[in-house]
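The basis for the numbers below is simple: all heavy atoms, side chains too, and nothing from hydrogens, waters or symmetry mates. In what follows, chains carry the letters A, B, and so on, assigned in the order in which the sequence lines appear, proteins first and then strands, with residues in each chain numbered from 1. Just so it is clear, the model here is predicted, and its values are computed rather than measured.
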Number of protein chains: 2
Amino acid sequence: MSLSIKDVAKLAGVSVATVSRVMNKKVFVKEETTKKVLDAIEKTGYKPNAIARSLKVKNTKSIGIIIPDISSHFFPDVVRGIEDIANEYSYNIILCNTDLNREKEKEYFDVLVEKQVDGIVYMSNTITDEIADKMASVGIEILLISTDYKELSSITIDNVKAAEDAVKYIISKGVRDIALIGGEMTDPNAGLPRFNGYVKALSEAGISINKDYILEGNYKYESGYEGAKKLLSLKQRPRAIFAASDEMAIGVIRAGLESGYRIPDELMVVGFDDIDMSRMVYPSLTTISQPLYEMGCEGMKLLAKKLHGEKVEQFKIVLEHKLIIRESC
Amino acid sequence: MSLSIKDVAKLAGVSVATVSRVMNKKVFVKEETTKKVLDAIEKTGYKPNAIARSLKVKNTKSIGIIIPDISSHFFPDVVRGIEDIANEYSYNIILCNTDLNREKEKEYFDVLVEKQVDGIVYMSNTITDEIADKMASVGIEILLISTDYKELSSITIDNVKAAEDAVKYIISKGVRDIALIGGEMTDPNAGLPRFNGYVKALSEAGISINKDYILEGNYKYESGYEGAKKLLSLKQRPRAIFAASDEMAIGVIRAGLESGYRIPDELMVVGFDDIDMSRMVYPSLTTISQPLYEMGCEGMKLLAKKLHGEKVEQFKIVLEHKLIIRESC
DNA sequence: AAAGATAATGTAAACGATTACATGAAGGGG
DNA sequence: CCCCTTCATGTAATCGTTTACATTATCTTT
C-alpha cells in the first residue's frame, strides 16, 4: 500500500541507489537527475521508511527516557528540556514510567534494547551494576539526571549545598528553631544529601540538632501537611520549617495557615524545587530552584555529543541551584 | 557486536526459523528443541531486534503522542493514562511537543509516519483535513483527546455543560454578579464552549449578561491574576469569578486575597480542570474535574482496539466531568 | 582521436527478523 | 510392509533501505 523507494525510482527512471543518494545527499548526483527524483518524490508523496533505514544503518534516532512518573512535578520540565534538544539533533523520545518498580524498569530496559534506541536518559532509582553492564554490552549510552553512578555521565545539582543554602538563609533571618521535613533517608539522590545540608547549616551556626524537629516525608503534599501539624503541636514549636520539596512546603503553608499562624511573621517556610506552583500560592513560596528544563537540555546535549562520537571533556555536570526568595521567608 | 537470531540458531543447533518459532510460539515446536533454543537464548542473553521484526511484520508497537507542551498542567496526567494502557497492550509512546506550532506539528507527523508508528494520539490544535487524509492514506490510526473532528475517534468532555454546571452552582449560592475569565474565543475545544456554558447558565437563571464581566485569558496564572485585578477594580465589582482554568483561578484567588477580600465570603472563585494544585492552595479551589488520567486510558484503549481490528461500537466518547466543591465557593 | 582519469549511475548484497513452501521423519490403516 | 497423513523442522524469499563494487558516460590530455 505505502510506496517504497522502488516506486519512486521507477517513476523517476533511475535506480533505487540514486534515489537513496539524492535523499541522503552524501554523494553527488547530477542536478538534472536530482530534479527528476525530487519531482517523483513530490508527486508520489513518498516518505522513506525509517525502520528499514535503521536496520541497515544501525541507529534509530530514538532515545528512551526512564522516569518514575510523568505526572509528578519535576519530570515534565526536564522531559521537555530533553525533548527540545533531542528534536534539534533529530532524535525522538520514548517515554517510560516505572513508578520506581524494579520489575517494570527491567522490562522497559529490555524493550528499549530490543527497539534499538541509541541512548537512554535515566532518572529513576539508583542504577545497578547489572543494568549498567548490560547497556554497555549492547552499546547503548546511558545518561543519568539527578542521580549519579560510577563512571556514567550525569547531570545533578549539589543537594547538600542547596539545602545548606536554604537553611542558612533562614538562620540569617534570625531564626534558630528550624525544623526539617525531609525526603526518605533511603533516597541517596535527594533525601540524604538534603538532610546532610540541613545538619551542616545548623552545625556551622552552632545550633544543636533537635531530634523532634526532624521528620521524614515522601515529597508529597500530604506528608508536608501532616508533618507540619505534628511540628506545630510540639510544646516548643519551630519558627521555621524547611521542606525537601515544594509540594510538602505547600502542605506546610496550609497547615500553618489553618492553625492561624501568619506566614512568614510567625512561621517561615522554605521549599525545594521551585515548581511553578510555588510562585502562585499565597503567600508565595521561598524555595531552592533546580534548573529542571536546563537539566534536561544539558543532559540531552551531553548524550547527543557522546552519540556523535564527540569527545566530551566533562561527563559529570553539576548545575547551579538558586535560592528564590519570595514571601514565605 | 550484538547477537542475532543466527548466533542463537547455531548455538542451539537448529535453523533460524525454529528459533523464531519458539520465540513467537504461534507454531508448535518439540519440547526438546524448545529447551535447546531457550537455553541458547538464556546463555547468550540474546534479545530480538525489534526493528528487523517491524520491517517484516509491518507494525512497530509504537504510538506517537502529539501535545502542545508536556510541562503544561493537564497533559502529564493524560499522557500517564495513555502510557499505562499502551504498556498493557505492549505499545511504547513517542512524545512530541508542538507548542501549537503548525510547522513543528507537521514535522512531527512526518517523522511519525517515517518511523511507522501504528497510531497517533493527538491533542494539539484542531486537526486539519490535510493531515487527517494523509494519515488515513498511510494507514495510521488517529485518536483525538479533548478535541474532535469529523469521523475521527475522540475522547472529550462536555465543556458547555461543565461550564454551565460551574456557573449554576455559583448561582445556587445566591450570587448573581458572576464574571468570567475565559479561554481564547478562537479555541473551539475549550474557550468557546466554556463561554457558551457560562452564558447559558446565566440566561437560564434570567441574569443579564454584563459585557464588563467577560474577559479573555490564556489559561495561564498571570492572565487570571491580571483579569481579576481588572474585575475587582470595577465600580460594581463581581461577587464571584469563574475562570476557565485552575491556573487562572489560582491567579484570581491571589488577586482577591491581595486586595483584602475574604474568599469565599466576599469573593467566590471557581476554576476548571482540577489540577492537583487546586486542592493544595489555601483556600482550596472549587473546580470542575476533568478525568484526565481516565481520558488517557480510555483513549488508548479505544486506539488499541481499533489497531487490533476489533469493531468498536462507540468511537466518540464523552466522559463525565464532575464539580469538585472545596473552599473557594 | 585515443587513452586514461574521473564522474555519475546501476547492480546486488547486506541488515535481522518472519513465514510460505519444501523436506524428512514418524505414525496409522489396510 | 507400503503408502499416505501429519508433524517437526529446514530453506530461502522477503520487508525497504544503504552502500561497496561494477559499469558506463564524460572529460582531459596529448
All pairs passing salt bridge (Lys or Arg N to Asp or Glu O under 4.0 Å) where residues 68-91 of chain B contributes a residue, at least two apart = Asp69(A)-Arg80(B), Arg80(A)-Asp69(B), Asp99(A)-Arg80(B), Arg80(B)-Asp84(B)
Sequence-distant partners of Asp129(B), salt bridge (Lys or Arg N to Asp or Glu O under 4.0 Å), two or more places apart | Lys150(B)
Quick one: which protein N/O atoms are closer than 3.5 Å to N/O atoms of nucleotides 25-27 of chain D? Pair and distance per line, please.
none

Do any pairs count as a salt bridge (Lys or Arg N to Asp or Glu O under 4.0 Å) and have a residue in residues 135-145 of chain A, sequence neighbours left out, and if so which ones?
-> Glu141(A)-Lys306(A)
Testing dA8(C), dT17(D), dT18(C) for proximity to the side chain of Ile5(B), the answer is dT18(C)
Which part of the nucleic acid, if any, lies within reach of Lys6(A) when heavy atoms closer than 4.0 Å are counted: base, sugar-phosphate only, or nothing?
-> nothing
Expressed in angstrom and rounded to an integer, what is the separation of Glu32(B) atom CD from dA25(C) atom P?
-> 15 Å
Find the distance Lys36(B):NZ to dA8(D):C1' and express it as a whole number of Å.
-> 12 Å
Among dC15(C), dT17(D), dA17(C), which is the nearest nucleotide to the side chain of Lys58(A)?
-> dC15(C)
Just report the end-to-end axis angle for the helix from dA1(C)-dT30(D) to dG30(C)-dC1(D), five pairs per end, to 10 degrees.
-> 50°
Asp187(A) and Tyr219(A) side chains, donor-acceptor separation under 3.5 Å = yes
Grab the CG-P distance between Leu55(B) and dT17(D) for me, whole Å please.
-> 9 Å
Does a side-chain N or O from Asn24(B) land closer than 4.0 Å to OP1 or OP2 of dT18(C), or not?
-> yes
Among all residues two or more places apart in sequence or in another chain, which pass the salt bridge (Lys or Arg N to Asp or Glu O under 4.0 Å) test with Lys106(A)?
-> Asp110(A)
Counterpart residues, salt bridge (Lys or Arg N to Asp or Glu O under 4.0 Å), relative to Arg21(B) (two or more places apart) = none
When you compare the protein's N or O atoms with those of nucleotides 10-14 of chain C, which come within less than 3.5 Å of each other, and at what distance?
| residue | atom | partner | partner atom | Å |
| --- | --- | --- | --- | --- |
| dG10(C) | OP2 | Ser15(A) | N | 2.8 |
| dG10(C) | OP2 | Ser15(A) | OG | 3.0 |
| dG10(C) | OP2 | Thr18(A) | OG1 | 2.6 |
| dG10(C) | N7 | Arg21(A) | NH2 | 2.5 |
| dG10(C) | O6 | Arg21(A) | NH1 | 3.3 |
| dA14(C) | N3 | Lys56(A) | NZ | 3.2 |

Are Lys104(A) and Glu107(A) ion-paired here, with the side-chain N under 4.0 Å from a carboxylate O?
-> no
Specify the separation, in whole Å, of atom CG of Asp7(B) and atom P of dG16(C).
-> 9 Å
Hits for side-chain contact (heavy atoms from CB on, under 4.5 Å) against Lys10(A), two or more places apart or cross-chain, chain-then-number order -> none
Using whole Å, report how far CD1 of Ile41(B) lies from C1' of dA17(C).
-> 13 Å
List the atom pairs, with distances to 0.1 Å, where a side-chain N or O of residues 30-37 of chain B and a protein N or O form a donor-acceptor pair under 3.5 Å, not counting sequence neighbours.
| residue | atom | partner | partner atom | Å |
| --- | --- | --- | --- | --- |
| Thr34(B) | OG1 | Val29(B) | O | 3.2 |
| Thr34(B) | OG1 | Lys30(B) | O | 2.9 |
| Lys35(B) | NZ | Asp39(B) | OD2 | 3.0 |

Which residues share a salt bridge (Lys or Arg N to Asp or Glu O under 4.0 Å) with Lys301(A), sequence neighbours left out = Glu298(A)
Report, one line per pair, each donor and acceptor closer than 3.5 Å where one atom sits in a side chain of residues 112-119 of chain B; sequence neighbours left out.
| residue | atom | partner | partner atom | Å |
| --- | --- | --- | --- | --- |
| Lys115(B) | NZ | Thr60(A) | O | 3.2 |
| Lys115(B) | NZ | Lys61(A) | O | 2.7 |
| Lys115(B) | NZ | Ser62(A) | OG | 3.0 |
| Lys115(B) | NZ | Asn92(A) | OD1 | 2.9 |
| Asp118(B) | OD1 | Thr60(B) | N | 2.9 |
| Asp118(B) | OD1 | Thr60(B) | OG1 | 3.3 |
| Asp118(B) | OD2 | Thr60(B) | N | 3.4 |
| Asp118(B) | OD2 | Lys61(B) | N | 2.8 |

Within this structure, what is the CD-to-C1' distance between Glu31(B) and dC7(D), rounded to whole angstrom?
-> 16 Å
